[in-house]
Amino acid sequence: MRMISLGLVTLCALLPFAATAQNPICEPTGEIVAAAVEARRDGQSAEAAKSGISNGLDASQEGYAPAVQLLVDWVYDLPDEDLQKDVAGAWVAQCKTQ
């Protein structure tokens, strides 16, 4: 009986990790981060990037429009050397751990 209880406690402790591994906002926000990094590398201003990314969202992504400003601001605040890294990949990986 004690082993069953321990197993149930362990399973319950792992359930939040299973739920967050399927976090539906990670990939779409990662795409926004990738677009912001590309815009910055191309020399666009932050305002131009915000406008371009927001206007480029399709109907299934419109719910992420409020995040564009915050994500673009974050990308434009990163040090230049960080743009050589996989910023969007790091964003998605971190998001999935939340």
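This chain uses plain numbering: 1 for the first residue, then up along the sequence.
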Over all atoms of both residues, closest heavy-atom pair of [X] and [Y]:
{"X": "Val33", "Y": "Ala88", "answer": "CG1-CA, 3.8 Å"}
{"X": "Ala36", "Y": "Val72", "answer": "CB-CG2, 3.9 Å"}
{"X": "Pro66", "Y": "Gly63", "answer": "CD-O, 3.5 Å"}

With a 3.5 Å distance limit and no angle check, can you tell me whether Gln98 reaches the backbone of Cys95 through a side-chain donor-acceptor pair? no
Looking at Cys26, is its backbone amide N or carbonyl O close enough to the side chain of Thr29 to form a donor-acceptor pair, meaning the two atoms are under 3.5 Å apart? yes
Look up atom [atom1] in [X] and atom [atom2] in [Y], then write down how far apart they are to the nearest 0.5 Å.
{"X": "Lys96", "Y": "Asn23", "atom1": "NZ", "atom2": "CG", "value": "9.0 Å"}
{"X": "Leu71", "Y": "Glu31", "atom1": "CG", "atom2": "CD", "value": "12.0 Å"}
{"X": "Leu57", "Y": "Ile32", "atom1": "CG", "atom2": "CD1", "value": "5.5 Å"}

Under 3.5 Å, which donor-acceptor pairs do the side chains of residues 39-46 form with other protein atoms, sequence neighbours left out?
residue: Arg40; atom: NH1; partner: Val75; partner atom: O; Å: 2.7
residue: Arg40; atom: NH1; partner: Leu78; partner atom: O; Å: 2.8
residue: Arg40; atom: NH2; partner: Leu78; partner atom: O; Å: 2.9
residue: Arg40; atom: NH2; partner: Asp80; partner atom: OD1; Å: 2.5
residue: Arg41; atom: NE; partner: Leu83; partner atom: O; Å: 3.1
residue: Arg41; atom: NH2; partner: Leu83; partner atom: O; Å: 2.1
residue: Ser45; atom: OG; partner: Ala48; partner atom: N; Å: 3.0

Side chains of Ile25 and Tyr64 in contact at under 4.5 Å (non-hydrogen atoms): yes
Under 4.5 Å between any side-chain heavy atoms of Glu47 and Gln69, yes or no? no
Among residues two or more places apart or on two chains, list those pairs meeting ring-ring contact (aromatic ring centres under 6.0 Å, His included) that have a residue in residues 79-98. Trp74-Trp91
